Structures are given as structure tokens and as C-alpha cells.
S.K.: 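Quick one: the structure is below, and I'll ask about it shortly.
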Amino acid sequence: MDIKINIFTDKFNPESYILNRSFYERDTSLVAKELLGKILLVKSQKNNFSDEICAGRIVDIEAYYGLNDPASHASHGATPRARIMFETPGISYVYFCYGNHYIINAVSEKYGTAGAAMIRAVEPLSGLSLMFERRKTGTIRNLTNGPGKLTKAFGINKDFNGLDLTDVKSKVMIIDGGKLNLFPTMEKIEIISKPRIGIRNGADKLLRFYIKENDFVSHK
DNA sequence: ACCACGATGAACT
DNA sequence: GTTCATCGTGGTC
């Protein structure tokens, strides 16, 4: 697991790789499963002339629905916090958790229906020095193998709430790594389905999905 | 006004 | 494997 890809510089143009809105405007479990293997990209401003890009391959994710999902923030309707889960598919939902951590989701389903895929872990690809700096850890595996860890490594905070993941001008987006031929063995990945982590209600449903035998999956 | 409970991580043993 | 700091959110009284 010695991956370091340097194509994601400030010169990289995601135009032809970015996922479009119709990708997200579907059933949340399907969106979550298909986000496995895709690449989360965040631009951090380095100085006035260039950005530093943090990139990571999504390896662990959970699906949250709306009114009929008791574990979901949207289970009680469009409250101030959860309102964004009912809005445009393909935007981000970032919330503050346990008084310490930010968690990032991709909003799914059609406008007016709540749904979001929560990114639990990524495999770091680019911007590793910046991630090490932010995370203050010595091991690559500890950089992004948890939902709160990856947001810290990528510099994601509440200012990222509601940003359009389908817009190349956003500072956060999701692209299709398969189109870049970065992972020739991608079609062989095996997806494991498990109950979601850290919830009581709705724990019977298998709405967590992760890539089998990936070192960066959290809470195995 | 009050309270229970986390879509967690870190630091332990 | 274990414990626990920490605080926003939403439900209930």
C-alpha cells in the first residue's frame, strides 16, 4: 500500500472526470456503493499563486435516508441542521459531531427527498505532507481511516457545508478515478455490506459499505 | 429550561 | 479490547 500520485497538482483539470448531478440523484445506497473507488478532492490555498490539492480514494461509506430512517439526522424532517439533506443532490452536507469533529456527506436523492452518503474513510493519494501536518501522526494509515480523521487531514470544516461537489470551481468535489486509469484492478473490488457504526436505531439495516481488505477502512 | 444521545477519536491496558 | 472528553442538536416538559 505505497501509493503516492502526483497528478493532482494545482494544474490538474477535473472537468472531464467530475461526477455530475444525475449520479447523485438516485437511491442513496446505490450512490454510496458507487462512490466506493471514487476520489475526494479538496483544494487548499497554499499561497497567492497555487493551490495544494488533497486527494483520497473513498473506501468506506454509509447511507442515510430521511423520514423512514431513525438513524438519520433527517428522520424528524427538515430541521435547521438536516434541511440540507432534502436539497439539491450533489452538494455537501458537513456537520459538527461530538464537540470535536467534522463529518462530510454527499447529498443524494431528488430535490425534496432526504438522503446522504457519509464518507467514513479514504485512502490518501495526494497532498500527504499537508495531511501529516494537520493530523500530527506518523503513520499513513492513521491519516484518513475515519470520518473525523479524513476531514481534519483534508481541512474540511463547517465552511464546506452546502458546496457543490459537481462543480469544478468548488474547493471540494468528487471525481471518477477509474476514468484516469489509476486503479487498473478497480473492477475486481469486492464490496462488504455491514450495519452502520455508532447508531442504535436502524442498526439492523446493512447500510455501510466498504472495500474488502482495504487497509484504510475504519473500525473493521 | 432541561436533558439524552450521539454518523468519534485518542489514549490507554 | 477499554474508557472518556466534549458540545450541538432536537425532543420533551
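Chain naming here is simple, since letters A, B, ... match the order of the sequence lines and numbering starts at 1 in each. Treat the numbers as computed from the prediction; the structure is a model and nothing was measured. Every heavy atom of this structure was used, including side-chain atoms; hydrogens, water molecules and symmetry mates were not.
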S.K.: What does dA7(B) pair with, Watson-Crick or G-U, if both distances are under 3.5 Å?
M.R.: none
S.K.: With a non-hydrogen cut-off below 4.0 angstrom, is Y64(A) in contact with a base, only sugar-phosphate, or nothing?
M.R.: base
S.K.: Give a yes or no on whether a salt bridge exists between R21(A) and D164(A), defined as a side-chain N under 4.0 angstrom from a carboxylate O.
M.R.: yes
S.K.: Between dG9(B), dG8(C), dT9(C), spot the one nearest the side chain of H101(A), thanks.
M.R.: dG9(B)
S.K.: Would you call Y98(A) stacked on dG9(B), i.e. ring centres under 5.5 Å apart with the planes less than 30° off parallel?
M.R.: no
S.K.: Nearest to the side chain of H76(A), which nucleotide is it out of dG9(B), dG11(C), dA7(B)?
M.R.: dG11(C)
S.K.: Using the side-chain heavy atoms of R200(A), tell me which of these nucleotides is nearest: dG6(B), dT9(C), dT8(B).
M.R.: dG6(B)
S.K.: Please work out if R81(A) contacts a base, only the sugar-phosphate, or nothing of the nucleic acid, heavy-atom cut-off 4.0 Å.
M.R.: sugar-phosphate
S.K.: Starting from P on dA7(B), measure out to OH on Y65(A) and report it in whole angstrom.
M.R.: 18 Å
S.K.: Would you call R120(A) and E62(A) a salt bridge, taking side-chain N to carboxylate O under 4.0 Å as the test?
M.R.: yes
S.K.: Contact class for A116(A) (heavy atom, under 4.0 Å): base, sugar-phosphate, or nothing?
M.R.: nothing
S.K.: Starting from P on dT8(B), measure out to NZ on K149(A) and report it in whole angstrom.
M.R.: 12 Å
S.K.: What is the distance from CG of N142(A) to P of dG9(B), rounded to the nearest Å?
M.R.: 10 Å
S.K.: State, with a plain yes or no, whether a side-chain heavy atom of L165(A) is found less than 4.5 Å away from one of S170(A).
M.R.: no
S.K.: Hunt down the Watson-Crick or G-U wobble partner of dC12(B), both distances under 3.5 Å, from any strand shown, or write none.
M.R.: dG1(C)
S.K.: Provide, to the nearest angstrom, the distance between the CD1 atom belonging to I197(A) and the P atom belonging to dC5(B).
M.R.: 20 Å
S.K.: Picking from D69(A), D60(A), D204(A), what satisfies salt bridge (Lys or Arg N to Asp or Glu O under 4.0 Å) with R196(A)?
M.R.: D69(A)
S.K.: For I156(A) and dG9(B), what is the distance between atoms CD1 and P respectively, to the nearest whole Å?
M.R.: 13 Å
S.K.: Between dA7(B), dA5(C), dG9(B), which one does the side chain of M118(A) approach most closely?
M.R.: dA7(B)
S.K.: State whether F23(A) and R26(A) meet the cation-pi test: NZ (Lys) or CZ (Arg) under 6.0 Å from the six-membered ring centroid, and within 45° of the perpendicular axis.
M.R.: yes
S.K.: Looking at dG9(B), dA7(B), dG11(C), which one has an atom nearest to any side-chain atom of E62(A)?
M.R.: dA7(B)
S.K.: For the pair made of CG in N100(A) and C1' in dA7(B), what is the distance, rounded to whole Å?
M.R.: 15 Å
S.K.: With a 4.5 Å limit on heavy-atom distance, are the side chains of H73(A) and I84(A) in contact?
M.R.: no
S.K.: Output the rounded distance in Å from CE (M85(A)) to P (dA7(B)).
M.R.: 11 Å
S.K.: Measure from the side-chain heavy atoms of Y95(A) and tell me the nearest of dA7(B), dG8(C), dG9(B).
M.R.: dA7(B)
S.K.: To the nearest angstrom, how far is L35(A) atom CG from dA7(B) atom P?
M.R.: 20 Å
S.K.: Between H73(A) and dA7(B), do the rings stack, that is, sit under 5.5 Å apart with planes less than 30° off each other?
M.R.: yes
